[in-house]
Participant: 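Let me begin by handing over the structure; questions about it come next.
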Amino acid sequence: MYIHQISVFIENKPGNLANFTNFIAENQINMRAFEIADTSDFGIIRIIVDKPLDTLTLLKDNDWICTLTQVIGVKLPDRPGSMAKVMDILAAADISIDYVYTSLAGGSEDAIMIFRVQDNDQVAAVLKKNNITLVSQEDLIKL
């Protein structure tokens, strides 16, 4: 029901992002979503990939500092107000969101919103109750 997200810690210096994306490309890893947050000294790259457990092992075996996190994905129509609707539902349920990013769903007119919360099961139940379509790891790979 949830999506495996890999977070990679990377020093914030010229060439490091190129090194990372080249490593991903050379190893034939298909990224389905990508987000980076940075500070002055380091960044956190968050990726959703086609083979998360294999990718995590490969990254660790090659000295990348990374972790695996379960996140929630929802499929939304790619039009104004779709994200606001989900945010309103979660706000009404008094749910705090740690972070969120989006990606377009391949081959469709939908967007995928990926977010991290403290209680995935609670959020999934609230979203289902409000007829929001959840996206699993398997669904995301097919898109």
Side-chain angles (χ1 to χ4, degrees), residues 1-87 89-91 93 95-143:
M1 174 187 313
Y2 304 121
I3 296 171
H4 298 294
Q5 170 191 269
I6 299 172
S7 297
V8 182
F9 300 89
I10 188 167
E11 188 178 0
N12 207 2
K13 68 179 193 179
N16 273 356
L17 189 54
N19 290 340
F20 176 76
T21 55
N22 282 310
F23 179 82
I24 294 295
E26 290 163 6
N27 285 283
Q28 301 296 304
I29 298 165
N30 188 7
M31 288 192 290
R32 305 300 295 166
F34 177 95
E35 188 266 344
I36 188 166
D38 69 336
T39 66
S40 59
D41 296 329
F42 69 93
I44 300 172
I45 299 170
R46 295 183 177 109
I47 56 172
I48 308 295
V49 297
D50 56 342
K51 298 173 189 162
L53 301 179
D54 292 343
T55 300
L56 182 72
T57 300
L58 182 64
L59 287 166
K60 286 184 174 188
D61 287 349
N62 285 274
D63 300 322
W64 294 95
I65 300 168
C66 52
T67 60
L68 188 70
T69 305
Q70 297 291 320
V71 293
I72 293 192
V74 297
K75 185 163 67 168
L76 304 170
D78 183 21
R79 64 175 177 254
S82 295
M83 187 174 183
K85 177 182 175 183
V86 173
M87 294 299 118
I89 290 167
L90 296 178
I95 293 170
S96 179
I97 299 167
D98 295 338
Y99 56 82
V100 63
Y101 55 102
T102 59
S103 178
L104 292 176
S108 77
E109 294 185 16
D110 294 319
I112 304 297
M113 184 172 73
I114 299 163
F115 51 97
R116 173 79 172 122
V117 293
Q118 294 302 308
D119 187 338
N120 285 342
D121 293 335
Q122 174 197 18
V123 171
V126 167
L127 293 172
K128 284 181 186 178
K129 180 181 172 186
N130 285 276
N131 298 314
I132 302 297
T133 303
L134 295 175
V135 177
S136 69
Q137 182 76 36
E138 294 75 28
D139 295 334
L140 194 59
I141 301 308
K142 295 175 194 173
L143 298 173

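What you see below is based on every heavy atom in this structure, not just the backbone, and it leaves out hydrogens, waters and symmetry mates. Computed from a predicted model, the values in this text were never measured in an experiment. For reference, positions follow the sequence shown, starting with 1.
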Participant: Decide yes or no on side-chain contact (heavy atoms from CB on, under 4.5 Å) for I97 and V117, but give the supporting numbers first.
Facilitator: CA-CA 5 Å; I97 299 167; V117 293; 4.3 Å; yes
Participant: Supply the atom-to-atom distance S7 OG to L59 CG, rounded to the nearest 0.5 angstrom.
Facilitator: 11.0 Å
Participant: Please tell me if the side chains of D139 and L134 come closer than 4.5 Å, counting only heavy atoms from C-beta onward.
Facilitator: no
Participant: Can you name the nearest heavy-atom pair linking P77 to S82, along with the distance?
Facilitator: O-OG, 2.8 Å
Participant: Check step by step if side-chain contact (heavy atoms from CB on, under 4.5 Å) holds for V71 and I48.
Facilitator: CA-CA 10 Å; V71 293; I48 308 295; 4.3 Å; yes
Participant: Given 3.5 Å as the limit, does a donor-acceptor pair link the side chain of N27 with the main chain of F23, or not?
Facilitator: yes
Participant: What closest approach, in Å, do Q137 and H4 show between heavy atoms, and which atom pair accounts for it?
Facilitator: OE1-N, 2.6 Å
Participant: Would you say V49 and I24 make side-chain contact, with heavy atoms under 4.5 Å?
Facilitator: no
Participant: To check you understand the geometry: which heavy-atom pair defines the closest contact between I3 and S136, and what is its length?
Facilitator: CG1-C, 3.9 Å
Participant: Is there side-chain contact between F42 and N16, with heavy atoms separated by less than 4.5 Å?
Facilitator: no
Participant: Please say whether the positively charged group of R46, taken as NZ for Lys or CZ for Arg, lies over the ring of Y101, i.e. under 6.0 angstrom from the six-membered ring centre and within 45 degrees of the axis.
Facilitator: no
Participant: Within a strict 4.5 Å, meaning less than it, do heavy atoms of the I6 and L68 side chains meet?
Facilitator: yes
Participant: How many angstroms lie between atom OG1 of T67 and atom CG of L56, to the nearest 0.5 angstrom?
Facilitator: 8.0 Å
Participant: Is there side-chain contact between I29 and L58, with heavy atoms separated by less than 4.5 Å?
Facilitator: yes
Participant: About how many Å separate CD1 of I95 and CD of Q122, when rounded to the nearest 0.5 Å?
Facilitator: 4.0 Å
Participant: What's the shortest heavy-atom distance between R116 and T69, and which atoms?
Facilitator: NE-CG2, 3.4 Å
Participant: When rounded to the nearest 0.5 angstrom, what distance separates CG in N22 from CG in L17?
Facilitator: 9.5 Å
Participant: Under 3.5 Å, is there a donor-acceptor pair between the side chain of N130 and the main chain of I89?
Facilitator: no
Participant: With under 30° as parallel and over 60° as perpendicular, where do the rings of F20 and W64 fit, or are they tilted in between?
Facilitator: perpendicular
Participant: If we count only N and O atoms by modelled type, under 3.5 Å, do the side chains of D54 and T57 hold a donor and an acceptor together?
Facilitator: no
Participant: Please lay out, stage by stage, how Y2 and I72 fare under the test side-chain contact (heavy atoms from CB on, under 4.5 Å).
Facilitator: CA-CA 5 Å; Y2 304 121; I72 293 192; 3.9 Å; yes
Participant: Between the main-chain N or O of N30 and the side-chain N or O of D50, is there a donor-acceptor pair closer than 3.5 Å?
Facilitator: yes
Participant: Please report the interatomic distance CD1(I10) to CG(D41), rounded to the nearest 0.5 Å.
Facilitator: 13.5 Å
Participant: Show your working on side-chain contact (heavy atoms from CB on, under 4.5 Å) between V135 and I114 and close with a plain yes or no.
Facilitator: CA-CA 9 Å; V135 177; I114 299 163; over 6 Å; no
Participant: Measuring from atom CD of Q28 to atom NZ of K51, what distance do you get when rounded to the nearest 0.5 angstrom?
Facilitator: 9.0 Å
